[in-house]
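Input: a single structure, listed below in structure tokens.
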Amino acid sequence: MKQEKEIETVTKAQKESIEQTKKENISSLDTESNSQPTDDKKDFIIQLDPGHGGKQIGAEHLKTHTAEKDVNLKIALYLKEALEEYENVKVYLTREDDSDIDLEKRVPMAVANHANILISLHNNGKGTIADYTNGATVLVQRGALHKDNSLISQELGCYILKALSDIGIENQGLMFRVAQNDTHYSNGELCDYYSIIRNCEKQNIPGILIEHTFLDNEKDFNTYIATDEKIKALARADALGIASYYKFEKKQGKEKLITLKNYTEKITLITTDYSKDNVYKEKTYFSDKEKETLESTENSSTQFKSIGHRGLGNQFPGNSALSFEEAGKAGLYAAEADLRMTSDGVLCLSHEDNLTENTNKKGLIEKKPWFYVKEAVIDKDTYGHEGEKICSFDDYLDICKKYHMVALVDIKWHNDSITMIKKAYEMAKKKGMENQLIWQAPYSMRDCLKTIKKLDPNARMWYLIAKEVTKERIEMANKLGCEAINAHIIDKNSVKLVHDAGLKLGYYPDDDDPKQMDTKSSIAYYSKLGVDYIMQKELIK
Ligand SMILES: [Zn+2]
């Protein structure tokens, strides 16, 4: 998990210790490899991957100059030894010495060995992505491409976390981390961040990455890493977790395996380099009900209402009539639009205040008359839709009415926003749409919400929050008479806070942040968190 560091000299004693471990292991292997042909079909094949190696030292315990790469290798060798005490288990290592194996070559090695599972072995170091500095985390596949193998990855992760916590290591849960460089799988879903996990997903084999401890945490180091005996105990815990999940049988003697039933594990979703952006959820595995699959997560998507962001603003030119029409055809609950007003008082829709930004015309909308603004052609979008002009508020309301779709009107800043909002309300009322409309504004535009409330005490209003959902902000929403909060920094706690205050909660992806996902799995997340509305920029099938 750590970034690459400078080459660090491994002490002579450590080198000898590793060599010794290897020798012991190889000698115990020799006797077995004769009786167990490598490609026996009955073999369950495990590819172990000791993280880092060579120049890639990984995390470090500074005081003792203990490099993660060496600890990982020791764990791998002890783990191989432990796993080969079971019937029909064959173990391969991606490296058996201090060699520097290219990250991208590790999963292909597992594929070449016909491995049933790849287990990458690591230890952690303090960083910015997690808000804890000790204990064990298991990085798993989130199921972006292959549900079945991802579920295996997550379930095995649960068993290993349980086994590690049984020897006293703090359980920090499972971790999903999505790519931050906008790379996608063949089905369009955002890739996983870590090479091992991503390539396992691509190759359709289950894979996990175990961060056993934090090497730079004194307590973790002294308790679990400081001696070879301690490292061996870690490896033995891994082996017990793996054997318990796959129900391996010992070649000699009996062993009490772990059984998990209705086991709830914490999952952290990481989307940026900073833990403040993490999303937390819990998932119950091995439930009494028939095996809970990832599909059940998706089924819960019926619990929230879908809102199209500027229509379907990623698939069609945002805020255009075409985009609203498509949102209507898709049967969305609501279409969001950004309200503006021209210099001659005509209401229209645009996220940008200046035509220069996304059309072939120039100037601020509020400084230009409608006859000029209405000729502005919105730039061709990534799907090649061109020729769409700025949509009037009038047309937008008609489209919403035609499709029985709620109009979610985002009130944009205007010099005379009160006049703008009064006009908009009157137009909606004339069309008999007062009840088919939601007004949305942030704190800076709260006077508009107050105006609407005066015009119509029953008007539906939402409070837009671009920052964290705090108690103070929720109170403000309530004070203004809003029925819901629309936010994009949401965790389990914010859902509870908002619901406890008697309000509904919507999630919107932040369009200034390309890392914000708009995918099936992200929708499943927010749905699982319990939000009432989810804003989508495109139709996710
Ligand atoms: Zn590592």
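All values below come from the heavy atoms of this structure, side chains included, with hydrogens, waters and symmetry mates left out. Just so you know, ligand 1 is whichever comes first in the structure, and atom 1 is the first atom listed for that ligand.
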Original post:
Under 2.8 Å from the Zn ion (ligand 1), is there an N/O/S atom belonging to Glu211?
Top reply: no

Original post:
Using the ring of each side chain (for Trp, its six-membered ring), is Tyr159 parallel, tilted or perpendicular to Tyr245, with breaks at 30° and 60°?
Top reply: tilted

**OP:** Tell me, please, whether Tyr533 has Lys504 positioned over its six-membered ring: NZ or CZ under 6.0 Å from the ring centre and within 45 degrees of its axis?
**Re:** no

Original post:
What N, O or S atom of His122 is found closest to the Zn ion (ligand 1)?
Top reply: ND1

Subject >> Atom of Glu68 closest to the Zn ion (ligand 1), considering N, O or S atoms >> reply: OE2

**OP:** List for me each residue that meets side-chain hydrogen bond (donor to acceptor under 3.5 Å, both in side chains) alongside Tyr246, sequence neighbours excluded, and say none if there are none.
**Re:** none

Subject >> Results of side-chain hydrogen bond (donor to acceptor under 3.5 Å, both in side chains) for Thr94 - residues two or more places apart only >> reply: Asp49

